[in-house]
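Okay, so here's the structure we're looking at.
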Amino acid sequence: MGHKQNLGTTMKMYDYPAPNAQKVKIFAHEKEISIEYIPVDLINHELRTPEMLNKNPMGTVPFLELEDGEIIRESRAIIEYLEGIKESPNMLGKSPLEKARIQEVDRLAELGLMIELAHYVHNISPFFADKGPQSKEAAEMALNCYKKNLQILEDSITGDEFLIFDRPTVADCTLFSTFTFAESIGVEDQNGFSKTMAWYKKFGKRKSIETEK
Ligand SMILES: N[C@@H](CCC(=O)N[C@@H](CS)C(=O)NCC(=O)O)C(=O)O
């Protein structure tokens with residue numbers, strides 16, 4: 001496998017301080033995979049230049065450019081590629097049941113929390129006002145879903161240091177970047193959940209987070 005031999009050489013990740021990119025960076029730091037991070041000026045539409053759209057027609061970050069020019073889009077696809085080229089530490093699950101359990105928490109963090117926050121901010125923030133109609137009701141509905149899913153998360157945390165099992169998994173990376181995002185848009189509902197917050201504080205002290213800052 002050629003890509004295994006190229007591990008940590010000159011992969012580039014196009015990057016902006018936003019949750020999907022941050023999730024991948026924390027994951028790569030946890031696995032100690034070295035990547036060159038290329039900052040993209042998302043606010044000034046650098047993702048919409050022909051050169052960038054040629055690399056990623058979706059016009060989003062993150063995307064990963066391999067040494068041979070292959071481009072991998074979608075944060076989850078990048079994460080699976082990184083797990084494939086460096087299997088240890090395992091962060092996506094070893095047995096079928098572990099994989100399923102990790103995926104359950106990760107999907108809750110991504111679809112139940114991160115995406116609801118994105119719906120909320122798209123419907124409330126002046127920054128998105130020219131992107132289409134906004135609705136206060138839709139914003140409120142998204143925030144209500146966010147709060148409901150926080151309770152489900154709180155009840156499902158089985159670990160102390162990590163969300164699930166006794167090691168970091170992709171779910172920790174997704175949730176940490178989601179809460180960073182929540183703080184950046186002024187959403188504080190997560191603060192009321194004690195197990196969740198205890199995890200957030202502990203995970204925030206990891207080297208992967210220090211490196212990410
Ligand atoms: N499903 C994609 C979503 C990527 C995404 O929405 N990225 C946001 C930042 S977190 C972005 O680039 N937004 C810019 C835009 O939509 O114009 C993934 O997980 O990689």
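Whatever order the structure lists them in is the order used to number ligands and atoms, beginning at 1.
For the ligand labelled ligand 1, residue R48 lies inside the 4.0 Å heavy-atom shell. In this structure, A21 does not count as a contact residue of ligand 1, since none of its heavy atoms falls inside 4.0 Å of the ligand.
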Run the numbers on L66 and L64 for side-chain contact (heavy atoms from CB on, under 4.5 Å), then give the verdict.
CA-CA 6 Å; L66 307 184; L64 189 71; 3.8 Å; yes

Where do T174 and K23 land on the side-chain hydrogen bond (donor to acceptor under 3.5 Å, both in side chains) test, with the steps shown first?
CA-CA 5 Å; T174 304; K23 167 178 76 168; 4.5 Å; no

Evaluate side-chain hydrogen bond (donor to acceptor under 3.5 Å, both in side chains) for Y81 paired with E70, printing each intermediate quantity in order.
CA-CA 12 Å; Y81 175 77; E70 289 264 6; over 6 Å; no

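Here the protein heavy atom with the shortest distance to atom 3 (C) of ligand 1 is N20 ND2, 3.6 Å. The protein non-hydrogen atom at the shortest distance from atom 1 (N) of ligand 1 is E74 OE1, 2.9 Å.
The one candidate from H29, E30, E212 that meets the side chain to side chain donor-acceptor pair (under 3.5 Å) condition with R206 is E30.
Heavy-atom proximity to P62, at under 4.0 Å, picks out these atoms of ligand 1: 20 (O). Under a 4.0 Å criterion applied to the non-hydrogen atoms of A18, ligand 1 contributes the atoms 9 (C), 10 (S).
Nearest to atom 8 (C) of ligand 1 by heavy atom, out of L42, D15, V40, V61, is V61.
A donor-acceptor distance shorter than 3.5 angstrom exists from the side chain of T180 to the backbone of F176, with no hydrogens or angles considered. In terms of modelled atom types and a separation under 3.5 Å, the side chain of E67 and the main chain of T10 share no donor-acceptor contact. With hydrogens and angles disregarded, no donor-acceptor distance shorter than 3.5 Å links the side chain of N144 to the backbone of K148.
Between S75 and ligand 1, at least one pair of N/O atoms sits closer than 3.5 Å. Considering backbone and side-chain N/O of E110, none are found under 3.5 Å from N/O of ligand 1.
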